[in-house]
Amino acid sequence: MTRQRFFIIDAFAHIFRAFYAVKNIDHNAVFGFTMMLRKLLASEDPEFIAVAFDTSAPTFRKELYPEYKANRDAMPESLVPQIPIIKELIEAFNIPMVEAPGFEADDIIGTLAKRAAEKNVQAVIVSGDKDMLQLVQGDDIVMFDSKKGVEYLGESGIPDFFGCKPDQIIDLLTIWGDSSDNVPGVRGVGEKGAKKLLAEYGNLDEIYKNLDQIKQKRYREGFADARDRIELTRTLVTIRTDLELAFDEDTYRRKEPQNDDLRALYERLNFKTLMEQVPITLRRCETEYELLDNEERLKAWLDEIKEKAFVVFDIETTSLNPVDAQLVGMALALDADKAAYVPLRHEGQDPAWTERAETMLKSMMTDQNVTKCAHNAKYDISVLFNKGWEILGRIEDTMLMSYLINPNDSRHGMDDLAEQHLHYRTIHFEEVAGTGKDQVTFDKVPLDKACQYAAEDADITFQLYDKLYPQLKDLELVSVYNVVERPLIPVLARMENAGVRVNSDYLTDMSARMEDMIQGLEKEIYELAGEEFNLKSTKQLGEILFEKLGLSPVKKTTKTKSYSTDQSVLEALAAKGHEVPAKMLDYRMVTKLKSTYVDALPDMINATTGRVHSSFNQFVAATGRLSSNNPNLQNIPIRTEMGRDIRAAFIPREGWVMVAADYSQIELRLMAHFSKDETLVGAFRQGEDIHRRTAGEIMGVVPDLVTDDMRRAAKSINFGLIYGMGDFRLAQELGIPRKKAREYIETYFEKMPKVLSFRDEVIAKAREAGEVRTYFGRHRQLPELQSRNKNMQNQGERLAVNTLIQGTAAEIIKLAMIHLDEALSQSDLHASMLLQVHDELVLECPSEEAERVGALLQETMENVVHFEVPLVAEVHTGHNWKETK
DNA sequence: CCAACGACGTAC
DNA sequence: GACGTACGTCGTTGGT
């Protein structure tokens, strides 16, 4: 086993180095010092450690020699306030700091090193100062330059620096003097001379004894001249090793950092990346929660809930999928650390109890006057809706709060939030239910474990509510929470529960036909390529195309720098008449449609309901859009004929029809509203074809003379506008020279100047606030605008504009959904909302209601808000989704 | 053997 | 480097 090591760090040497090395940030020396320290701790993992500081008190050297260090400049102004922070930092790292008034850090280091070596601990001096080499002693005391990393400097390395033996260093330094410390040496004797004389005579005393033998007059005179002060110089350059300092193992043993203090410090200093790397000391559950397994205790709780008109709840079930989930139990919380669990269907429970307890819980959950709070309430109420419980009263959701507070974050799960906000490690589901093959459903979990797990979740949800709601208020997000997001929860729950009917036979038939096409294409491509390969491997395809067939590569992939074979590349190659890329385009389309949709959808049909129940996620998109998964029903094909046919597989229930409506050009209309540009506003008010009108403006012709190509170009510009497209991309898209694309964009802004000034204003405001706000008050932080990287900043600018437009459009359709849900429930209609695809709502209803539902749908969508330009929703009815166009 | 990642492609 | 928001499939890679 190697010896234990004691790292002694020269504080100011590293502070100055950090100060000059790190640029462009506040607290640069603190940052640089922190990085050095972290690196050292991580890579060297020392057993003992200390940081040595100089003090401002006059040192014995100054007393002996008033000119000592008199030539030093004052500490740079911006460094001065960083020193106490660095001391705080070292304290947070739990590393002892050593000061010795009257002495310098070097003397502390010298003394501690010697003491440690005496106790058979290797002393490692962390410093770049070569003067320190006088302290080096065999393997007992070595030097370590943190800048160079792992390089140790022991006795054997010394000749490389000084060209002399270790015990000659002090005399060598004496002869040289130290100009940076204002210590005079022997005048006229330089590096070469000093080394030569020491090699010849052994040490300084011998040199003086034999002074008259020295041939060079210059040297003789120099030494004679320095004779009176040479001892003083020797004292000044000699590092002391005799301070009253002991090497005490307990004092200098490395300890765990005070991570909470470190975090607080990093937070204060805005060291974000460092902060993320500090492990949080997490609290664990210490509360014993109440098991409510008899009527009296349950009643006592329900009475208190009724009185407070508030409860946090969390249900436990047998499945993450609400359609399949059986209610196993319900946890309740009324205060921090005050939570309980009601077991309902654990194995072996009395069905009579289940019924009595459910009746009591249902009456509470359907009580209009009780506010209910849950984490991801959509799941809980979906399950309860499926049991026929009409959940009433206000519903709060801590997951929703977290999302609104930081929509850029992807982690809003309770376990994550508990760690983040409460420094608390929750019992994870896997810990009570097992993992992988061994995982059991919650009804098999023993009651005591189930109680602690479930009640803790309710408890934590309560504590998160306490923490997050005030933040929601401070950030002025309560309005968007109450008006848009919170009321949407039950709407989405109903939509997911409804699901959509899918014609499985139709897809099976389609799949077989596609398989034939794929086989044919495969064969053709193999023949053209002269060999068989995996057509689905971009790597293999790239090698075939660009190595074997010798086609010239168009571009490389971003990360792996391999040949790109994406659609645009294949199209470019196909346009030159190459057959393999042309066939590959067909192959790609058919296999994509088949594997992603045609084959996947029938597998997603729920066995119980016979329908597909996609999730509509409210917490994913940073702009406020919904997202859909399992399956994603928001990217069902429409653009190609073959793709569009897939939509015919989505059918209404027997005797019903599909009714769908989509907003026409909602994002461009928002652009018109926000910018108030007369041309854009006018065009929408007149009900003109917006792309035709734009083309007319840009190309300078009357709308009637706009060709299809001109309209296509204008359409690209209109969409690009919303995304912040540049001339490069537009040129690529339209196949025109970049210069021409640039002209188009310039003319666009000349003709519609207010669109440009709107853009500039949004960006300026976002830069000022560090975030962008949508019409209904949702925010999105834009750290990109703070970046020193120009590309990042440009991206931040695009995000600002796009988030305002896309986010507001998302809010409008969310409101339409809320209003429609309300209107339908107030009516005698039987329609249900099935899908939302960003600007489109799809419903099903009995055939005879189609007209009324369509009218209600249109009316609702068009009147969510009244803006500068009308919102237009186009309604279509059909026997399947494909027909609703 | 599986998880993470990259490339690609579908939607608005 | 150049256009925003998502999700799913497949192949590859790299660690267990």
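Letters go in sequence order (proteins before strands), and every chain restarts at 1. Note that the structure is a prediction, hence the values are computed from the model and not measured.
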May I have the distance from [X] (atom [atom1]) to [N] (atom [atom2]), rounded to whole angstrom?
X        : N      : atom1 : atom2 : result
A:Leu601 : C:dG8  : CG    : P     : 11 Å
A:Phe619 : C:dA6  : CZ    : C1'   : 16 Å
A:Phe616 : B:dA11 : CZ    : C1'   : 13 Å
A:Tyr723 : C:dG1  : OH    : P     : 23 Å
A:Lys885 : B:dA11 : NZ    : P     : 13 Å
A:Lys536 : C:dG8  : NZ    : C1'   : 14 Å
A:Lys739 : C:dA2  : NZ    : P     : 25 Å
A:Asp839 : C:dA6  : CG    : C1'   : 14 Å

Taking atom types as they are modelled, is there a donor-acceptor pair under 3.5 Å from the base of C:dC3 to the side chain of A:Glu733?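 Yes, a donor-acceptor pair under 3.5 Å.
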For [X], answer base if it contacts any base atom (sugar-phosphate contacts may also be present), sugar-phosphate if it contacts only those atoms, and nothing otherwise; contact means non-hydrogen atoms under 4.0 Å.
X        : answer
A:Leu799 : sugar-phosphate
A:Asn630 : sugar-phosphate
A:Glu667 : nothing
A:Val620 : sugar-phosphate
A:Asn534 : sugar-phosphate
A:Gly724 : sugar-phosphate
A:Arg798 : sugar-phosphate
A:Ala600 : sugar-phosphate
A:Arg780 : sugar-phosphate
A:Ala809 : nothing
A:Thr591 : nothing

Note: A:His838 and A:Leu626 closest approach over all heavy atoms is CE1-O, 3.4 Å
Minimum heavy-atom separation for A:Ser552 and A:Leu573, please, with both atom names. O-CD2, 4.0 Å
Tell me which nucleotide, if any, is Watson-Crick or G-U wobble paired with B:dC12 when both distances must be under 3.5 Å.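 Across all strands, the one nucleotide that pairs with B:dC12 is C:dG4.
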Checking base pairs now: Watson-Crick or wobble, both atom distances under 3.5 Å. What partners C:dG14?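 The base-pairing partner of C:dG14, which may sit in any strand shown, is B:dC2.
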Presence of A:Gln806 side-chain N/O under 4.0 Å of C:dA6 phosphate oxygens OP1/OP2: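 For A:Gln806, the contact criterion (side-chain N or O under 4.0 Å from OP1 or OP2 of C:dA6) is not met.
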Out of [options], which nucleotide sits closest to the side chain of [X]?
X        : options               : answer
A:Val837 : C:dT12, B:dC12, C:dA6 : B:dC12
A:Ser537 : C:dT5, C:dA2, C:dT12  : C:dT12
A:Ala622 : C:dG1, C:dC10, C:dA6  : C:dA6

Heavy-atom donor-acceptor pair, A:Ser615 side chain to A:Asn617 backbone, under 3.5 Å: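 Checking the backbone N and O of A:Asn617 against the side chain of A:Ser615, no donor-acceptor pair under 3.5 Å is found.
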Side chain of A:Lys378, backbone of A:Phe616: donor and acceptor closer than 3.5 Å?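 Yes, the answer is positive, given that a donor and an acceptor are paired below the 3.5 Å cut-off.
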So among A:Leu507, A:Asn632, A:Asn635, which one has a side chain to side chain contact (heavy atoms under 4.5 Å, CB included) with A:Tyr597?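 The option that passes is A:Asn635.
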CZ/A:Arg767: more than 12 non-hydrogen atoms of other groups inside 6.0 Å: yes
Tell me if the NE2 atom of A:His879 is crowded by more than 12 foreign heavy atoms within 6.0 Å. no
Spatial distance of atom CG (A:Asn376) from atom CD (A:Gln618) [nearest 0.5 Å]: 9.0 Å
Pairwise C1' distance for B:dC5 and C:dA2, with rounding to whole Å: 24 Å
Protein-nucleotides 6-10 of chain B N/O pairs closer than 3.5 Å?
| from | atom 1 | to | atom 2 | distance (Å) |
| --- | --- | --- | --- | --- |
| B:dA7 | OP1 | A:Thr557 | OG1 | 3.2 |
| B:dA7 | OP1 | A:Lys559 | N | 3.1 |
| B:dA7 | OP1 | A:Thr560 | N | 3.0 |
| B:dA7 | OP1 | A:Thr560 | OG1 | 3.1 |
| B:dA7 | OP2 | A:Thr558 | OG1 | 3.3 |
| B:dC8 | OP1 | A:Thr565 | N | 2.8 |
| B:dC8 | OP1 | A:Thr565 | OG1 | 3.4 |
| B:dC8 | O3' | A:Arg588 | NH1 | 3.3 |
| B:dG9 | OP1 | A:Arg588 | NH1 | 2.7 |
| B:dG9 | OP2 | A:Gln567 | N | 2.8 |
| B:dG9 | N3 | A:Lys592 | NZ | 3.0 |
| B:dT10 | O2 | A:Asn635 | ND2 | 2.7 |

When you compare the side chains of A:Glu515 and A:Gln519, does any donor N or O come within less than 3.5 Å of an acceptor on the partner?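 Judged by distance alone, the side chains do pair up.
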